[in-house]
Novice: 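Structure in structure tokens, see below.
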Amino acid sequence: MKIAVASGKGGTGKTTVAVNLSLFLVDADLKVTYADCDVEEPDGHLFLKPEITLKHRSAVLVPQVNPEACNLCGECGAFCRYSAIVVLKEEVMTFPELCHSCGGCAYVCSVQAITEVDRYIGSVDRGSAGKLNFISGCLDIGQAMGPPLIKAVLRNITDDGITIVDAPPGTSCPAMTAVGDCDYLLLVAEPTPFGRHDLELMLQAVGSLPMPRGVVLNRVSGPDTAIEKLCSRYGVPILSRIPEDRRVAEAYSKGLTAWKAVPGYKALFADLWSKIEPVAGRYTA
Ligand code: SF4
Ligand code: SF4
């Protein structure tokens with residue numbers, strides 16, 4: 001069972017929810033993996049402090065042109081939708097950072113002038129934090145292609161047990177790549193005008209995905225009928241309201257988990273899980 005924890009913007013407390021839910025499930029004697037797919041800025045390790053036992057570099061395939069074999073026919077440049085390979089008068093130029101690794105340019109080259117070579121984009125770490133399995137992806141500085149690395153993280157997930165996928169924030173390709181194959185989607189939002197706006201963008205972005213979903217409101221300090229109306233309009237239940245609590249921020253700033261630092265968090269996540277498990281379980285079955 002894969003539970004994605006996502007948000008329409010950064011800073012909502014998505015990782016707090018993902019980490020604390022993971023720790024709650026481990027405490028309940030379940031087999032759990034925390035998978036950090038926020039590859040541009042992974043920070044789950046700051047709270048879980050895992051012991052990393054396996055680290056591997058992740059690469060994508062990009063074209064390399066052999067000028068001796070190339071006849072400058074232009075087919076590869078005409079095929080590429082991303083302008084990652086451009087045929088000029090006297091040479092073919094490639095722009096690996098724009099390449100989506102579809103392999104099409106090599107396929108259409110009738111003289112086999114193109115070979116596909118590795119381009120390293122980041123690393124995937126594996127390890128454990130106590131009984132919790134830990135996987136995390138980290139893009140190299142300057143790399144812009146998150147989805148291939150996110151897929152590499154997801155490939156490392158084994159099928160047994162429960163995986164909490166900490167998705168990248170936002171509604172673009174990286175976030176959709178992380179959540180697309182999950183069994184349940186947990187959306188974390190703040191009850192502020194900005195938070196409501198970004199939650200609506202997220203609800204629209206995932207509108208065509210089939211899995212069940214629910215919302216966690218974080219840093220709640222009073223009623224917010226506007227966000228309740230929004231969720232009701234999209235038919236998405238509000239599963240939990242995590243109160244604004246200075247002790248959470250203090251624990252966060254010290255790299256501690258609220259699970260350990262704040263009394264009441266265990267009950268809060270037990271209640272959240274009791275609402276997710278039956279729905280996600282039915283979907284998985
Ligand atoms: S592999 Fe695909 S995206 Fe990359 S340069 Fe070739 S055609 Fe373009
Ligand atoms: S398709 Fe092959 S031969 Fe034609 S321009 Fe591209 S690399 Fe050169």
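Indexing begins at 1, ligand by ligand and atom by atom, following the structure's order. For clarity, every value in this text was computed on a predicted model and none was experimentally measured. If you read the sequence from its start, that first residue is 1, and numbering goes on from there.
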Novice: Between ligand 2 and V108, can you find any atom pair, the residue atom being a heavy atom, that is separated by under 4.0 Å?
Specialist: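 The answer is no, since V108 has no heavy atom less than 4.0 Å from ligand 2.
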Novice: Which atoms from ligand 1 have a heavy atom of C105 less than 4.0 Å away?
Specialist: 1 (S), 5 (S), 6 (Fe), 7 (S)
Novice: Answer yes when R241 and E228 have at least one side-chain N-carboxylate O distance shorter than 4.0 Å, and no when they do not.
Specialist: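 Yes, charged N to carboxylate O under 4.0 Å.
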Novice: Do the side-chain N and O atoms of D166 and Y34 include a donor-acceptor pair separated by under 3.5 angstrom?
Specialist: yes
Novice: Would you say atom 6 (Fe) of ligand 1 has H100 as a near neighbour, meaning an N/O/S atom of that residue under 2.8 Å away?
Specialist: no
Novice: Could you tell me, atom by atom, which parts of ligand 2 come under 4.0 Å of a heavy atom of G74?
Specialist: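 With G74 as reference, the close atoms of ligand 2 come out as 4 (Fe), 5 (S).
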Novice: When you measure from the side chain of R57 to the backbone of I121, do you find a donor-acceptor pair of N or O atoms at a distance under 3.5 Å?
Specialist: no
Novice: Answer yes or no: is there an ion pair linking K55 with D125, defined by an N-O contact shorter than 4.0 Å?
Specialist: yes
Novice: What I want to check is whether the side chains of Q143 and R119 have a donor and an acceptor closer together than 3.5 Å.
Specialist: yes
Novice: Could you find the nearest protein heavy atom to atom 4 (Fe) of ligand 2 and give me its residue, atom name and distance?
Specialist: C73 SG, 2.3 Å
Novice: Heavy-atom distances under 4.0 Å decide this one: backbone, side chain, both or neither, for P63 against ligand 1?
Specialist: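 The side chain, only.
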Novice: In terms of atom number and element, which parts of ligand 2 are under 4.0 angstrom from non-hydrogen atoms of V111?
Specialist: 3 (S)
Novice: Run the numbers for me: atoms of ligand 1, each under 4.0 Å from some heavy atom of F79, listed by number.
Specialist: 7 (S)
Novice: Got the closest protein heavy atom to atom 3 (S) of ligand 2, with its distance?
Specialist: N71 OD1, 3.1 Å
Novice: Distance from D181 atom CG to M176 atom CE, nearest 0.5 Å?
Specialist: 14.0 Å
Novice: Quick one: do V236 and L230 end up in the same hydrophobic cluster if we chain Ile, Leu, Val, Met, Phe, Trp and Tyr together by side-chain heavy atoms under 4.5 Å apart?
Specialist: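 Yes: a chain of side-chain contacts under 4.5 Å links V236 to L230.
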Novice: Who's the nearest protein heavy-atom neighbour of atom 2 (Fe) of ligand 1, and how far?
Specialist: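 Protein heavy atom with the smallest distance to atom 2 (Fe) of ligand 1: C102 SG, 2.3 Å.
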Novice: So, do M93 and L88 sit near enough that their side-chain heavy atoms are less than 4.5 Å apart?
Specialist: yes
Novice: Could you tell me whether atom 2 (Fe) of ligand 2 has an N, O or S atom of C109 under 2.8 Å away?
Specialist: yes
Novice: Can a side-chain donor-acceptor contact be found between T12 and N218 if the only test is distance below 3.5 angstrom?
Specialist: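 No donor-acceptor contact under 3.5 Å links the two side chains.
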Novice: With heavy atoms of C99 as the reference, note each atom of ligand 1 found under 4.0 Å away.
Specialist: 1 (S), 3 (S), 4 (Fe), 5 (S)
Novice: For the residue pair Y234 / E200, report whether a side-chain donor-acceptor contact shorter than 3.5 Å exists.
Specialist: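 Distance-only check passes for E200 and Y234.
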Novice: With atoms numbered from 1 as shown, which atoms in ligand 1 lie under 4.0 angstrom from a non-hydrogen atom of G103?
Specialist: 1 (S), 2 (Fe)
Novice: For L72, which part has a heavy atom under 4.0 Å from ligand 2: side chain, backbone, both, or neither?
Specialist: backbone
Novice: For A84, take its heavy atoms, then give the atoms of ligand 1 lying under 4.0 Å from any of them.
Specialist: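 Selected atoms, number and element: 5 (S).
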Novice: Distance under 4.0 Å to a non-hydrogen atom of I114: what atoms of ligand 2 satisfy this?
Specialist: 7 (S)
Novice: Tell me, do V165 and I3 make a side-chain contact under 4.5 Å, heavy atoms counted?
Specialist: no
Novice: In terms of atom number and element, which parts of ligand 1 are under 4.0 angstrom from non-hydrogen atoms of Y82?
Specialist: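 Those atoms are 3 (S).
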Novice: Closest non-hydrogen protein atom to atom 8 (Fe) of ligand 2, residue and atom name please, with distance?
Specialist: C70 SG, 2.4 Å
Novice: Any side-chain heavy atom of L186 within less than 4.5 Å of one from L239?
Specialist: yes
Novice: List the closest protein heavy-atom neighbour of atom 6 (Fe) of ligand 2: residue, atom name, distance to the nearest 0.1 Å.
Specialist: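 Here the nearest protein heavy atom works out to C76 SG, 2.3 Å.
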